[in-house]
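Let me begin by presenting the structure, written as structure tokens, before commenting on it.
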There are 2 protein chains.
Amino acid sequence: MSARRKVDMMAKQESDGTQRSGLADGARPTLKTIAFMTGLGVTTVSRALKDAPDIGEETKKRVKLIARQVGYRPNRAGVRLRTGKTNVISLVLNTDEQLMGFISDIISGVSEELADSPYHLILTPVSGHNDPMDPVRYVVETQSADGIIISQIEPNDARVRYLVEHGFPFATHGRTHMGIEHPWHDFDNHAFARQAVHALAKAGRRRLALLAPTPRLTYYRHMSDGFAEGLIETDAAELPFRDAWVDMPIEEIKAQALKLMRRPTPPDGIVCGSGAGAFALVSALEECGLRLGEDIDIVTKQSSRLVQMFRPRLLAVNEDFRRAGRELAKAVKASIAGADPTTLQTLYVPETVERVGQPPRPEFQGP
Amino acid sequence: MSARRKVDMMAKQESDGTQRSGLADGARPTLKTIAFMTGLGVTTVSRALKDAPDIGEETKKRVKLIARQVGYRPNRAGVRLRTGKTNVISLVLNTDEQLMGFISDIISGVSEELADSPYHLILTPVSGHNDPMDPVRYVVETQSADGIIISQIEPNDARVRYLVEHGFPFATHGRTHMGIEHPWHDFDNHAFARQAVHALAKAGRRRLALLAPTPRLTYYRHMSDGFAEGLIETDAAELPFRDAWVDMPIEEIKAQALKLMRRPTPPDGIVCGSGAGAFALVSALEECGLRLGEDIDIVTKQSSRLVQMFRPRLLAVNEDFRRAGRELAKAVKASIAGADPTTLQTLYVPETVERVGQPPRPEFQGP
DNA sequence: GGCTCATACTGTAACGTTACAGTTGGATTG
DNA sequence: CAATCCAACTGTAACGTTACAGTATGAGCC
């Protein structure tokens, strides 16, 4: 640029007074501020910061330098109003659940993945007695986010249908069976249940029960299929345990588990679909005088470190919710960027079953 | 309004074509849409929806009716750009913590309180190795929220000082000791620890240990003072337990607890500052062959329903994080509204210590 | 009949950004 | 040497909202 023009600009701006210069004392710097300081136009500054091809290299450097010096950050409301891009991702959470720390792990994972991105994370709560469709509709209708993450997925999920129909970017924690391709992340509950049965069979267990999720949810089928498959392969017997599921309040799980264990022939092995459920089961069996690791074995998911504190031996596989959060965040970001949904589907296959916790009977006696 | 003027307006608008009418097919209705439909000016519609005093009752009714019919929702970006009000509350969370479900309970409480308000909840993560000041500065500097909720409060907390100095609305989960009045909600850890000691003394326990939080945090002092006070009142002895605190990873708490319990004279009672910590303690003492409720008693906080699943008898008081979330949300909202901070300080005093869990030895033997 | 006054409305400008359609000045071309 | 082209910049308008400073209308008053 010519020196002359620059000086002209400076003079013109100065005559306008500080009010219009965008340099008002404590206020946040805007594009105008930088435009004034560099003697460039607002548009040029905007484009320079975006590395537009029609801006000179020198100019870009200068603009970026000043932008950094004054601590310029684009005004989100301005961008949002102009472009419609919110730079927000909404995570829909059921706020009634009191299931251990797994929600905070998902949140941590999502935050982690979003940390170096322009995205803010907003929480959109659903309460169990409301239509799970409400928050989704709200976000889409008010365009309060660029993408959305939902969980508790059903095989035929109205929310997924709605989001696909509206072309709204999203990712689900769990799969559907609707013949619609969409971004998802899931834990392989089929593999989990099958491996669990094998592990129990290897420990000599023959009468197995499954604490499954609500039949309403997709992964109910995955888990019960895996369980059934394991039973056939190991020739073990199933003890129906259909009055309890992992999504119930933990006290109710325990109550149902007590009934199960007080049957004439109680199970000698249980596959437990959630870490929290395992607490209820262990509590119940202790109350019945059954000894974990001796009379009965339990396989569960090590969804929290708390599971490691189980005193008797417990069998567990690791379900990493933090990782799930990261995967989900990645998937929505890519979905927003317009990626093919079939490339945004990840299945986390659990590692083999391990024993956690300490030995069933203390070797060491206190002083 | 005169019929004539209305007709004029309609005619004028119609000649403008649909493009400018704000009635473009699937698009979100704006003030312009309603202005067109009612034949009023955009300003009038805006003011009518706000119940401004200079708008006629008839007009208000008509505008509101149409607004409801077309499903009008103010565009947040527009409002934010114009007024500076974000209608967002930021909750700062440490995303390293893996402490049980208490984070999700706080989130639920906050969401609950914000449900019928215009506020959205955004999560601003801090990682433990970053300066806790960073997210606070970010929110204030970029004005990305109208108010902020922080936790893990220290007696002399730089964040609180910063927020007060900048006149930025906030609420803290925990108190400070800086001689600065600000909105807070806190659990009475002094009362908790004192009551806990009394409960242990009543059960005949004489050698007591305290699993306290990091000394850095304000409530460390509250808890240890309450503990000390209880000791004096009950004439019990303290067994120092200073290498562990409730904020450590649960495995480390357990490791430290093992050392404590393997001392020549182990404690016969422990006051445990967190529900998660209790899992580690119980795990440790079982590993040492100590029997909970017989050789030793533990008092903890029933911060999660999981604590109820403790097989042996455990003493616990209820710490309601959901309620804490609600209180904090209320406090920020009031702080934003400009309320006197001294009226926004609530202390949750725990109820008396209760036994939870089932009896120590099973009365019932399985079949 | 002119005056004031209150009521009920109005248009304009601005918040900060970006898409778009220019404009300028110099170099390259036929 | 005029025509063309390109690089590097520019201003204007618009997104949806609200603050502000009006304006038109009719009533009430002297």
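Within every chain, numbering begins at 1; the chains are lettered A, B, ... in the order of the sequence lines, protein sequences first and strands thereafter.
- Checking V45(B) against Y72(A), the closest nucleotide of DNA chain C that is more toward the 5' end is the one next to V45(B).
- Here K50(A) reaches the OP1 or OP2 of dT18(C): one of its side-chain N or O atoms lies under 4.0 Å away.
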Kindly list each side-chain donor-acceptor pair under 3.5 angstrom involving residues 64-74 of chain A, sequence neighbours excluded, with atom names and distances?
| from | atom 1 | to | atom 2 | distance (Å) |
| --- | --- | --- | --- | --- |
| K64(A) | NZ | D51(A) | OD1 | 3.0 |
| K64(A) | NZ | D51(A) | OD2 | 3.1 |

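- More than 12 heavy atoms of other residues, nucleotides or ligands lie within 6.0 Å of NZ in K85(B), so this atom counts as buried by the packing criterion.
- Residue-to-nucleotide contacts include a donor-acceptor pair under 3.5 Å from the side chain of T43(B) to the base of dG11(C).
- Of all the residues in residues 77-88 of chain A, L81(A), R82(A) reach under 4.0 Å from DNA chain D with at least one non-hydrogen atom.
- Every residue two or more places apart in sequence or in another chain that forms a side-chain contact (heavy atoms from CB on, under 4.5 Å) with K330(B) is listed here: E113(B), E327(B).
- Closest-nucleotide positions on DNA chain D for R47(B) and R73(B) were compared, and the one nearer the 5' end corresponds to R73(B).
- Nearest to the side-chain atoms of V42(A) among the listed nucleotides dA19(C), dG11(C), dT17(C) stands dT17(C).
- The side-chain contact (heavy atoms from CB on, under 4.5 Å) search around R82(B) returns none, not counting sequence neighbours.
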(Q) Test side chain to side chain contact (heavy atoms under 4.5 Å, CB included) on E181(A) and Q345(A); report intermediate values, then the result. (A) CA-CA 9 Å; E181(A) 295 293 349; Q345(A) 303 171 335; 2.7 Å; yes

Taking only nitrogen or oxygen atoms into account, show me every contact under 3.5 Å that the protein makes with nucleotides 4-7 of chain C, one pair per line with its distance.
none

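- In this structure, D116(A) places its CG atom where only 12 or fewer heavy-atom neighbours from other residues, nucleotides or ligands lie under 6.0 Å away.
- A339(A) meets the side-chain contact (heavy atoms from CB on, under 4.5 Å) test with A334(A), T343(A), L344(A); sequence neighbours excluded.
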